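Residue numbers start from 1 in every chain, and the chains themselves are labelled A, B, ... in the order their sequence lines are given, proteins ahead of strands. Bear in mind that the values here come from a model prediction, so they are computed numbers and not experimental data.
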There are 2 protein chains.
Amino acid sequence: MTQSFLTEEPQREEPTTPASPASKPVKLGRKRDHTRDPAILEAALAVLAETGYDGMTIDMVAARAKAGKATLYRRWPSKAELVLDAVACLKKADTDPARLPDTGTLRGDLTAMIKPHTIEDGERKLQIMAGLMSMLNSTPELVDTATAAIVDPRVAVNRIFLRRAVDRGEIPSDCDLETLALVSPSMAAFRVLVLKKTVDRDFLLSLIDGVILPAVGLGVGPTRRLTEDGSTDTR
Amino acid sequence: MTQSFLTEEPQREEPTTPASPASKPVKLGRKRDHTRDPAILEAALAVLAETGYDGMTIDMVAARAKAGKATLYRRWPSKAELVLDAVACLKKADTDPARLPDTGTLRGDLTAMIKPHTIEDGERKLQIMAGLMSMLNSTPELVDTATAAIVDPRVAVNRIFLRRAVDRGEIPSDCDLETLALVSPSMAAFRVLVLKKTVDRDFLLSLIDGVILPAVGLGVGPTRRLTEDGSTDTR
DNA sequence: TATATACGATACTATTGAGTTTCGGATCTT
DNA sequence: AAGATCCGAAACTCAATAGTATCGTATATA
């Protein structure tokens, strides 16, 4: 089970034709309304982000989705599977190189990703990740699922920007691109998950100008430098 | 309540002198055996690291410490307070500059910290941190406690090494030392908490040689890019 | 229209675990 | 010695919740 819309058995090929001589278990009665799946999964993610996996109850999710508890259990066999499916169905950030910013400089590309919407989306996903933490040990496959949905896309974007910079000769080709692409996702996650601070523009700029760009040999331009002791927070 | 040994009311100043005319509540009977506190806190940390806060039960801790459940509740009012105290009493890594390696180079200092014992200790603390994750939202003060016990010492060590390198002129003084000191603690934590991978020597070296040193203008190893690149550099 | 199934709501069952109490025995003060 | 308090062990209370079952209603097939 990976995608919620595929949790049911594959559609009967011709549900309208009854003319089957042999064993053809045609479904009778009201059909399951799969148009509600996204709302339920969305509710699960919201509760997950707010209360964490252990604090989350099925009743909370059902109430938030305005659905009955039994409906949830008709579609997912357990709380764990529901959460797993919700994470798997999380819409990934766009990593299509064609739709990514391409400003001609590494710094331009990296800072172009600092947009309110992007920051909000990232924060929300990290809150979801925080809610998943207690589940990661008991559900090993969740590590891959969550990584694929939340971490990998961010890393992929950074990798693209770095590779472009190498290709255009802006930075040397012997940089450790893989490790560098992990820097900001790791440090942003750490900041949200452990430090419980927000990931704001200043923090992201301090990563770009204080770590990434210097590490590829691009000293920071005329401006920049974060005031001692980190950026604004608010926890 | 911060240190386990201080959880009890401050010692009666003269418990042996009964000659008090007014209200002097002298304690009678068997004394609480505080020599067992460390074993109990140690058991709590072990269970915490293994099962996480939600999976951890008081009975597990009592059993592991070979103590009675009631004994634990005589000393700590709740599961949460026990855990909080256990984390607060975690022995911090040594950050005394006098006992830190001082090899004369930044890379020497940083790699000198890569020792089996140091790695093991760090891994254990990160497992404890992982176990605390689900508690961080409901217990805000735990953020500071855990940060002080687990994160801050590591950051402090890196800060010392970086500052030394500045002082000896090895690296420029306008580096963002605060952000750089956070890199390896953040990325190691992320690797353990989210990726569920181990923090091994290779990973730590890739942080040092792929991120930290390049970011302060020290290409890795004896040879490195900037020299043959023509222009002096640009750092 | 008759039948089968999904729906939301709600009651129910069974388990788990935090925190309390009780007990026989040990250790302290006086 | 006597009384108070600690100890580990184990029984107990009580609230929360995952998962199931039931109900009246809505919607599908035949």
For atom [atom1] of [X] and atom [atom2] of [N], their distance in whole Å:
X	N	atom1	atom2	answer
Asp33(B)	dC7(D)	CG	C1'	9 Å
Lys31(A)	dT27(D)	NZ	C1'	10 Å
Arg75(B)	dT5(D)	CZ	C1'	13 Å
Glu81(B)	dG19(C)	CD	C1'	14 Å
Arg36(A)	dT27(D)	CZ	P	13 Å
Lys27(B)	dT5(D)	NZ	C1'	8 Å
His34(A)	dA28(D)	NE2	C1'	15 Å
Leu82(B)	dG19(C)	CG	P	10 Å

Point to revise | Under the salt bridge (Lys or Arg N to Asp or Glu O under 4.0 Å) test, residues paired with Lys69(B) that sit two or more places apart | key: Asp59(B)

Distances under 3.5 Å between protein N/O atoms and the N/O atoms of nucleotides 18-24 of chain D, please, pair by pair.
from: dA18(D); atom 1: OP1; to: Met56(A); atom 2: O; distance (Å): 3.4
from: dA18(D); atom 1: OP1; to: Lys79(A); atom 2: NZ; distance (Å): 3.2
from: dA18(D); atom 1: OP2; to: Ile58(A); atom 2: N; distance (Å): 3.0
from: dG19(D); atom 1: OP2; to: Tyr73(A); atom 2: OH; distance (Å): 3.1
from: dG19(D); atom 1: OP2; to: Lys79(A); atom 2: N; distance (Å): 3.1
from: dG19(D); atom 1: N7; to: Lys69(A); atom 2: NZ; distance (Å): 3.0
from: dG19(D); atom 1: O6; to: Lys69(A); atom 2: NZ; distance (Å): 2.6

Review point. Do the side-chain N and O atoms of Ser134(B) and Asp54(A) include a donor-acceptor pair separated by under 3.5 angstrom?
Key: no

Practice item. Name all pairs fulfilling the salt bridge (charged side-chain N to carboxylate O under 4.0 Å, His left out) condition that reach into residues 133-153 of chain A, sequence neighbours left out, sorted by first residue then second. Key: none

Practice item. Quick one: which residue pairs count as a salt bridge (charged side-chain N to carboxylate O under 4.0 Å, His left out) with a foot in residues 182-195 of chain B, not counting sequence neighbours? Key: none

Exercise for review: Kindly write out the residues that satisfy side-chain contact (heavy atoms from CB on, under 4.5 Å) with Ala62(A), not counting sequence neighbours, or none if the list is empty.
Suggested key: Leu72(A)

Point to revise | With Asn158(A) via side-chain contact (heavy atoms from CB on, under 4.5 Å) - residues at least two apart | key: Leu110(A), Ala181(A), Ser184(A), Pro185(A)

Review point. Does the base of dA6(C) carry an N or O that pairs as donor and acceptor with the side chain of Arg30(A) under 3.5 Å?
Key: yes

Review point. Does any pair with a residue in residues 117-132 of chain B pass side chain to side chain donor-acceptor pair (under 3.5 Å), and if so which ones, sequence neighbours excluded?
Key: Glu42(B)-Arg124(B), Asp121(B)-Lys125(B), Asp121(B)-Arg154(B)

Point to revise | Contacts of type side chain to side chain donor-acceptor pair (under 3.5 Å), residue Arg64(A), not counting sequence neighbours | key: Glu50(A)

Point to revise | Flag side-chain contact, heavy atom, 4.5 Å: Lys197(B) against Val192(B) | key: no

Revision key, fill the gap. Residue pair Met60(B)/Gly68(A) against DNA chain C: nearer the 5' end by closest nucleotide is Gly68(A)

**Study point:** Selection: residues 128-136 of chain A, any non-hydrogen atom under 4.0 Å of DNA chain D
**Key:** none

